[in-house]
Every structure is written in structure tokens, then in C-alpha cells.
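Heavy atoms only: backbone and side chains are in, while hydrogens, waters and symmetry mates are out. Every chain is numbered from 1, with letters handed out A, B, ... down the list of sequences.
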There are 2 protein chains.
Amino acid sequence: MPVPKGSTLDPDRTRAAILRCAEGILYERGLDGVGIAELCAEAGISKETLYRHFGSKDGLIRTILEARSDRVTRWLTRAAAEAGDDPAAQLAAVFDALRDWFGEPGFRGCAIVNAATQHHRAPASAIAAAHLGRYLDLFTGIATRAGAEDPAALGRRLLLLLEGATVVADHLGRPDAADDARDAALALLRSAARRPADNQGMSP
Amino acid sequence: MPVPKGSTLDPDRTRAAILRCAEGILYERGLDGVGIAELCAEAGISKETLYRHFGSKDGLIRTILEARSDRVTRWLTRAAAEAGDDPAAQLAAVFDALRDWFGEPGFRGCAIVNAATQHHRAPASAIAAAHLGRYLDLFTGIATRAGAEDPAALGRRLLLLLEGATVVADHLGRPDAADDARDAALALLRSAARRPADNQGMSP
DNA sequence: GTGACATCGAACCGATCGGTTCCATCTAAG
DNA sequence: CTTAGATGGAACCGATCGGTTCGATGTCAC
């Protein structure tokens, strides 16, 4: 029961408590797998309070997803930044961070992509698209600093590895998909940074 | 109304008609986005008929997903086989086929992976895992024939590209994610087939 | 014609859904 | 002490859900 009776604490704190509690349950059980009533019971609040803060279940979901996109983006960006100046090291750091995430007990894929998959028309789709765009910016930045011939193209390919690793880690239960993605990403980085043409060998 | 009154045609045909109709609607609207009643109405059958054939909504979904996994696997395997003997050409053919799929009007991601994302505990999860395993076999076969040093590892990385491309094509609305995946796959194939160590350049 | 079978259409079941409303209660500010 | 605001608890709403049952209707094999 995170929220006492009356207005013991300011509404902002109530709001934050609802978000923190609902995020976990919705992620674990799916957007349609849990009702408003259970969400409120688990958070120790009444339905009226929830609706005063978020207006609707969709409003609650939107708020949760936007906050999560911000948090995840900051987390990965910082992981890259803390790896130093070498673009390859930054790239490796991103996938190493992902691997930690994939290995956590409750891992169940990307909450934002999952939400968009479940509610395809709803605002979740737009949030997911923006979220992937942020990933793209991160990877394109690394590709640019690595001196890739076509940083945008390399960024897009790195994004494929991230999303693919997330899906495989989830549905195959293989957190080490992040390791495969990391190795593949470094290989792509090497071949893209090499030179204009994409053949880098001395084959017949 | 695909199914007339009485038993005009044999039950097998009725069953097939239900499957064909329900598959499209469930894919488009999501497993929880459409009820049994609407499914029956759209297929022009009664609820009793549906339940006699499939037992439950989950039974219907399971049947649909398993059939779809078979069909998709055969489709991609044939695309690879028809590309000739060159492993690189086979790989390119797979992603070219995917691109056609991504570009279709109703594309909404992989139905099987989507189903597993929506019903995480249900049999959909097992079907999705098996489905990814089939992809893995396809890619590992290509990697083996290409003479990769570690065909299993290369197969896993190619799978990441396929799944990543599917997610990105869906949520970013970019069918050309398949082209990025194709180029990345060919680059990975080249660098993996080159030689034991994974550094194939002449950097400092 | 007769019986076995498949089907439709509709009513029905209990449960749950998202959302609304009302009121007693508690706290903090004046 | 009083008042304003935030809250919990519970009742309530109409709709929909997955699933069951039953009788009428139709076709087919014999």
C-alpha cells in the first residue's frame, strides 16, 4: 500500500507511485492482460484517483511508455558515452548493456515495441516509432564518429541487430543474443568503415 | 458467406474456410482485438460449428499459428532453393522475399511472434520458439554451405537481422528494412567465410 | 423414406471489462 | 476551528467477453 489515506503526500508522489506500480504489471502481463481494477488494487489506490490523474487506461499507458522511452534512451546513451571515445567500444558497450537487461529475471522484450504490437492503432504505435528513431540517432551518431561511408545506412543496420536481439532473447529465452548482436555489429562497423566499395577482401 | 447451410460440403472444407477467414482478422486486429462472435459472423458460421472444430479460441489460434509457421518456413526455404547453389545468392533471395512481404498493404509484423508477444504464457510462445528455430535451421544451412567458420554463430546473427527487419518494417513502416538486412547479411556472410580469425583487414 | 450428420440462429451463462458517481474520511493550509 | 483538496471504498453502468445449450433446418448415404 504505497499511498496512505487522505492527501498525506502531494499528488505528484501519488502519481509517481501509480506509474511505478502499473508499469511493472502491464509489462509482465500485457496491456490487455490486466484490468483497471486490479491495477488500482495493486497500487493501493482507488479508481477515481487513477482517472483523475490519467483520464483513461490509454492515458496511463501513454504516460508510462513515454517515460520508459526517455529512460531507456538515456540509459543506452550513457552506456555508450561512458565507454570512451572509440566508436567500436561505444557500440560494444551498448550491446553489453542490453545483455544485462536481457538476462534479468522478468525480461519480456521491449515494453514499447510490445505495446505497439498489442495496440496497433493506438498511440503506442507512434511512441514506438519515435522510440526506434531515438535508437537510430544513437547508432547513426556512432557510425558517423566511426567514419563510416554511409552512417545512416550503418545506423539502420545496427538498429536491426538491436531489435532482432531483443525479439530473439525474449522468445527464445536467449539473453546471449546480445552477444551475437554485439559481434555482428562490430563486424558491420569494421566493414563499413573500411572503404567506399563494400568488398574488402582479395577473393578471386 | 463461404459456408452454406446444412452439410453442403464436407467438414474439412468448412474447417479450412474458418481458418482462412479467422487468420486474416486475428492478424489484422490482434488476438484480443476481436471476439469469437465477430469471427464467426465474418466467416459466416455459427459458434457451435467453430467450437466443434477447434474446441476453444486458443485451439483455433494454435491451429492457425502452426499452419502459418509451416507455410512461411516452406515459402522462405523454397525462395532460397530457387536461387541456385550460391549461398550468398540464397541469402539474398530470402531477404528479397521478405521485402515483398513487408511491402504488402496489410503487413503488420510476424503473426507468430506477435501472437507470442500478446499471449506470453499461452502455447503461442512455444510455437514462436519453434518457428524461430526453423529460421535458424535455414540460416545455419546457408552458413554451412558458405563454408563459414562457425555456421551456428553466423546463423544466429542472420536470424537477428531477419527478426530486426520484421520489427522495424512493421513499427517504422519501412519495408526497405529488408534491403538493409540483406546488405548486412551479405556483409556478415563475407566476413565469416573469410577465415578463422574475425579480423579481415589491414588496420594498424 | 429414414437416420446420421453438420449446420445455423438465438438464447443464455457467469465473469470481466473500462469508466462514472457518490460519500465518508483524512490531511494540510488558513 | 474551518475549509479546500485529495483520497478510498463501494456501488453502479452498459457492453463485451469466451463458452454452452437447444431446437429447427438442411444435406447426404442408405
- [ ] Applying salt bridge (Lys or Arg N to Asp or Glu O under 4.0 Å), run through A/D176 and A/R99 and close with a yes or a no.
- [x] CA-CA 7 Å; A/D176 57 339; A/R99 192 201 139 90; 5.8 Å; no

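Comparing atom distances between the A/T49 side chain and each of D/dT7, C/dG19, D/dT20 picks out D/dT7 as nearest. Of all nucleotides listed (D/dG18, D/dG9, D/dA6), D/dG18 comes nearest to the side chain of B/K47. Closest to the A/S46 side chain, of the nucleotides C/dG18, D/dT7, D/dG19, is D/dT7. Among C/dG19, D/dT7, D/dG19, the nucleotide with an atom closest to any side-chain atom of A/Y51 is C/dG19.
Looking at A/R134 and A/S69, their side chains do bring a donor and an acceptor atom within 3.5 Å of each other. Side-chain atoms of B/H119 and B/D32 include a donor-acceptor pair closer than 3.5 Å.
Taking only side-chain nitrogens and oxygens, B/R52 comes nearer than 4.0 Å to OP1 or OP2 of C/dT7. Considering only side-chain N and O atoms, B/H53 lies nowhere under 4.0 angstrom from the phosphate OP1 or OP2 of C/dA6. Remark: A/T14 is in phosphate contact with D/dT7, judged by side-chain N or O atoms under 4.0 Å from OP1 or OP2.
When the P atom of D/dC17 is taken as reference, atom CD1 of B/I61 falls 13 Å away, rounded to whole Å. Rounded to whole Å, the distance from CG on B/L50 to C1' on D/dG19 is 11 Å. Atom CG in B/L31 sits roughly 11 Å away from atom P in D/dG18 (whole-Å rounding). When the P atom of C/dG18 is taken as reference, atom CG of A/L39 falls 9 Å away, rounded to whole Å. In this structure, B/F54 atom CZ and D/dG19 atom P are separated by 14 Å, rounded to whole Å. Summarising the geometry, the separation between CG on B/D32 and P on C/dT16 is reported as 16 Å, rounded to the nearest angstrom. Between the C1' atom of C/dT7 and the CD1 atom of B/I18 lies a distance of 10 Å, rounded to the nearest Å.
In this structure, B/R157 pairs ionically with A/D183, as a charged nitrogen and a carboxylate oxygen lie closer than 4.0 Å.
Listed for the B/Q90 side chain is a donor-acceptor partner under 3.5 Å among the backbone atoms of B/G84.
Between A/I36 and A/E48, it is A/I36 whose nearest contact on DNA chain C lies nearer the 5' terminus.
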